[in-house]
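For reference, positions follow the sequence shown, starting with 1.
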Amino acid sequence: MVTSTVSNEIPSPVAPSRLWKAIVKESHNLMPKLMPDIISSIVLLEGNGGVGTIRQSNFTSGGLIGKKVKSTSFELKFEDGADGGSVCKFKGEYETIEDCLPTEDETKEMMGSMVGMFKAIEGYLIANPDVYV
């Protein structure tokens with residue numbers, strides 16, 4: 001097994017407070033509904049959705065989890081962005097199943113999946129401006 005990290009910053013037109021509520025506080029309800037092909041369920045293991053909460057995300061066979069990646073851990077930070085929007089900064093640590101790092105293409109796929117999940121939630125919030133306000 002090998003441990004490594006990835007990080008990214010994603011600008012969004014959605015306010016930090018709405019993203020926080022959707023991605024952090026309500027992810028266990030929202031993400032399996034929006035992305036059933038990737039996430040089968042999310043279980044709260046510890047906490048109430050606030051800072052320090054520990055969740056277990058159960059992925060479908062459509063992702064790298066279980067094929068190349070044994071586990072992941074993410075740290076998210078939402079900052080004010082331009083025009084009432086935000087910037088989501090995330091850092092992910094992952095542990096591989098094998099004793100080698102994912103290839104460049106697999107790393108791009110991982111990053112693409114993370115950004116895709118973020119954009120799915122962002123799109124939901126834009127289409128539903130009265131939720132998570």
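Under the 4.5 Å side-chain heavy-atom criterion for ILVMFWY residues, no single connected hydrophobic cluster contains both Leu44 and Phe74. In the hydrophobic cluster analysis, where Ile, Leu, Val, Met, Phe, Trp and Tyr join through side-chain heavy atoms closer than 4.5 angstrom, Phe59 is grouped together with Leu76. Taken together through direct or relayed side-chain contacts under 4.5 Å among Ile, Leu, Val, Met, Phe, Trp and Tyr, Trp20 and Val87 form parts of separate hydrophobic clusters.
Between the Ser41 side chain and the Asn58 main chain, no donor and acceptor come within less than 3.5 Å of each other.
Heavy atoms only, all atoms of each residue included: Leu30 and Ala22 are closest at CD2-CB, 3.8 Å. Of all the heavy atoms in Ser86 and Val14, the pair that sits closest is OG-O, 2.7 Å. Scanning all heavy atoms of the two residues, the minimum distance from Ile126 to Pro13 falls at CD1-CG, 3.8 Å.
For residues 113-133, the pairs satisfying side-chain hydrogen bond (donor to acceptor under 3.5 Å, both in side chains) are Ser12-Glu122, Lys119-Glu122, with sequence neighbours left out. Identified under the side-chain hydrogen bond (donor to acceptor under 3.5 Å, both in side chains) test for residues 29-38, with sequence neighbours left out: Glu26-Asn29.
In this structure, the side chains of Met111 and Met114 come closer than 4.5 Å at one or more pairs of heavy atoms. Side chains of Met35 and Ile121 form a contact here, defined as non-hydrogen atoms less than 4.5 Å apart.
Rounding to the nearest 0.5 Å gives a distance of 12.0 Å between CG of Leu34 and CE of Met117. The distance from atom NZ of Lys25 to atom OG1 of Thr53, rounded to the nearest 0.5 Å, is 7.0 Å. A distance of 4.0 Å separates CD1 of Ile42 from OG of Ser27, quoted to the nearest 0.5 Å.
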Report all side-chain donor-acceptor pairs from residues 90-98 shorter than 3.5 Å, counting only partners two or more places apart or in another chain.
unit_1: Thr96; atom_1: OG1; unit_2: Val2; atom_2: N; d: 2.9
unit_1: Thr96; atom_1: OG1; unit_2: Val2; atom_2: O; d: 3.3
unit_1: Thr96; atom_1: OG1; unit_2: Glu98; atom_2: O; d: 2.5

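For Asp80, the side-chain contact (heavy atoms from CB on, under 4.5 Å) partners are Pro16, not counting sequence neighbours. Every residue two or more places apart in sequence or in another chain was checked for a side-chain contact (heavy atoms from CB on, under 4.5 Å) with Ser73, and none qualifies. The side-chain contact (heavy atoms from CB on, under 4.5 Å) test applied to Glu79 returns Lys77, Lys89, not counting sequence neighbours.
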Audit row: Phe78, Ile23, side-chain contact (heavy atoms from CB on, under 4.5 Å) steps and yes/no: CA-CA 10 Å; Phe78 300 93; Ile23 294 173; 4.1 Å; yes
Step-by-step side-chain contact (heavy atoms from CB on, under 4.5 Å) determination, Arg18 to Val133: CA-CA 6 Å; Arg18 289 186 71 212; Val133 290; 3.9 Å; yes
